[in-house]
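Some notes on the structure that comes next.
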Amino acid sequence: LATRATRAGLAVCHLLNDKPDISRGNLKTVCHLIDDNRSGKITILRQPAAGEYDGVLVDAPCSGSGTWRRSPHLKWSTTPALIAERAELQHTLLAKFAACVKPGGRLVYATCSLSIRENEQVVARFLTGHASFEPLPTVRAFGFTPRGDGLTILPARHDTDGFFVAAFRRR
């Protein structure tokens with residue numbers, strides 16, 4: 001996180017919690033970020049406040065299949081079991097942080113995966129269990145056609161990694 005904060009030009013990065021371990025679904029240590037633009041600080045908090053935020057981004061841990069172009073070694077370490085594990089964790093995180101969104105607020109789900117299981121299927125499962133959220137149409141498609149309730153950006157067209165994004169509004 002410190003490396004990314006430095007790259008983003010933030011002066012200080014505070015970690016209020018020791019290394020969070022979400023790899024095994026240990027949600028007691030899952031954190032969220034608050035970016036305070038006035039001070040240039042990112043603060044990681046232990047407990048997100050329920051129903052308080054206009055917008056929440058869940059940039060979920062994933063298989064990283066969208067990064068294979070620049071990290072080809074991941075092709076051989078990405079297994080069906082890893083994808084299933086990540087999909088379960090992604091759903092859990094999406095459900096947990098959805099509670100932070102106030103009525104009328106937005107929830108954005110993103111991965112750097114190209115797996116339908118980690119993307120469209122996680123979104124469909126989330127919407128089935130969270131009737132207070134509705135999918136939002138893609139604002140900008142970058143030359144791609146949205147599929148289902150999200151957008152997959154493939155690497156070759158714009159010389160980037162591959163990504164998936166879906167947005168929801170809390171009713």
Side-chain angles (χ1 to χ4, degrees), residues 1 3-10 13 22 30-44 48-49 51-72 74-75 78 83 86-171:
L1 182 60
T3 300
R4 290 182 178 185
T6 301
R7 186 173 52 222
L10 297 169
C13 180
I22 58 174
V30 169
C31 304
H32 73 289
L33 301 177
I34 295 178
D35 182 359
D36 180 351
N37 289 326
R38 293 178 309 272
S39 67
K41 296 178 182 177
I42 291 180
T43 303
I44 298 181
E52 187 175 312
Y53 297 99
D54 292 314
V56 172
L57 167 64
V58 176
D59 184 8
C62 66
S63 64
S65 59
T67 67
W68 286 357
R69 188 166 155 240
R70 69 178 163 88
S71 301
L74 293 177
K75 292 178 194 178
T78 303
I83 291 172
R86 290 296 193 259
E88 190 60 36
L89 176 59
Q90 292 154 359
H91 176 71
T92 302
L93 292 172
L94 196 53
K96 177 179 177 70
F97 289 107
C100 301
V101 180
K102 67 182 178 183
R106 292 184 184 206
L107 174 64
V108 177
Y109 172 69
T111 71
C112 59
S113 172
L114 300 178
S115 169
I116 290 172
R117 188 160 185 192
E118 293 180 275
N119 297 333
E120 289 91 341
Q121 289 179 8
V122 168
V123 167
R125 182 177 171 197
F126 171 76
L127 288 171
T128 298
H130 294 84
S132 63
F133 284 87
E134 62 184 352
L136 292 172
T138 301
V139 175
R140 186 167 176 206
F142 302 98
F144 295 95
T145 302
R147 194 170 59 194
D149 292 315
L151 175 70
T152 299
I153 297 172
L154 299 174
R157 181 166 298 161
H158 300 295
D159 196 25
T160 66
D161 283 347
F163 300 98
F164 175 83
V165 64
F168 316 94
R169 185 180 67 81
R170 182 172 217 151
R171 295 182 179 122

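Starting from 1, each residue takes its place in the sequence as its number. From a predicted model like this one, the values you see are computed outputs, not experimental measurements.
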By the side-chain hydrogen bond (donor to acceptor under 3.5 Å, both in side chains) test, which pairs, at least two apart or in different chains, include something from residues 129-141?
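Non-adjacent pairs meeting side-chain hydrogen bond (donor to acceptor under 3.5 Å, both in side chains): E134-R169.
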N/O donor-acceptor pairs under 3.5 Å from side chains in residues 151-158, not counting sequence neighbours:
{"residue": "T152", "atom": "OG1", "partner": "R147", "partner atom": "NH2", "Å": "3.4"}
{"residue": "R157", "atom": "NH1", "partner": "G143", "partner atom": "O", "Å": "2.2"}
{"residue": "H158", "atom": "NE2", "partner": "F142", "partner atom": "O", "Å": "2.7"}

Take E118 and I83 through the test side chain to side chain contact (heavy atoms under 4.5 Å, CB included) and record every step on the way to the result.
CA-CA 7 Å; E118 293 180 275; I83 291 172; 3.9 Å; yes
Approximate separation, where rounding is to 0.5 Å, of [X] [atom1] and [Y] [atom2]:
{"X": "S65", "Y": "R86", "atom1": "OG", "atom2": "CZ", "value": "11.5 Å"}
{"X": "L74", "Y": "S63", "atom1": "CG", "atom2": "OG", "value": "8.5 Å"}
{"X": "F133", "Y": "L94", "atom1": "CZ", "atom2": "CG", "value": "8.0 Å"}

On a heavy-atom basis, which atom in Q90 and which in V122 lie closest, and how many Å separate them?
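Closest approach of Q90 to V122, heavy atoms only: OE1-CG2, 3.6 Å.
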Within the 4.5 Å heavy-atom criterion, are Y53 and V101 side-chain neighbours or not?
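No; the side chains remain at least 4.5 Å from each other.
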Going by the rule side-chain hydrogen bond (donor to acceptor under 3.5 Å, both in side chains), which residues pair with [X] if we only count those two or more places apart in sequence or in a different chain?
{"X": "R70", "result": "D161"}
{"X": "E88", "result": "R125"}
{"X": "R117", "result": "none"}
{"X": "T111", "result": "N119"}

Please collect all salt bridge (charged side-chain N to carboxylate O under 4.0 Å, His left out) contacts where either partner lies in residues 100-112, sequence neighbours excluded, each pair once.
D54-K102
By ring-ring contact (aromatic ring centres under 6.0 Å, His included) - contacts of F168 (at least two apart)
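By the ring-ring contact (aromatic ring centres under 6.0 Å, His included) rule, F168 matches F126.
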Contacts of L57 that satisfy side chain to side chain contact (heavy atoms under 4.5 Å, CB included) - sequence neighbours left out
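Per chain and number, L57 pairs via side chain to side chain contact (heavy atoms under 4.5 Å, CB included) with D59, V108, A110.
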Under the side chain to side chain contact (heavy atoms under 4.5 Å, CB included) rule, collect the residues that match up with C112, sequence neighbours excluded.
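Once residues adjacent in sequence are excluded, the partners of C112 under the side chain to side chain contact (heavy atoms under 4.5 Å, CB included) criterion are C62, T67, F163.
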R170 side chain vs A98 backbone, donor-acceptor pair below 3.5 Å:
yes
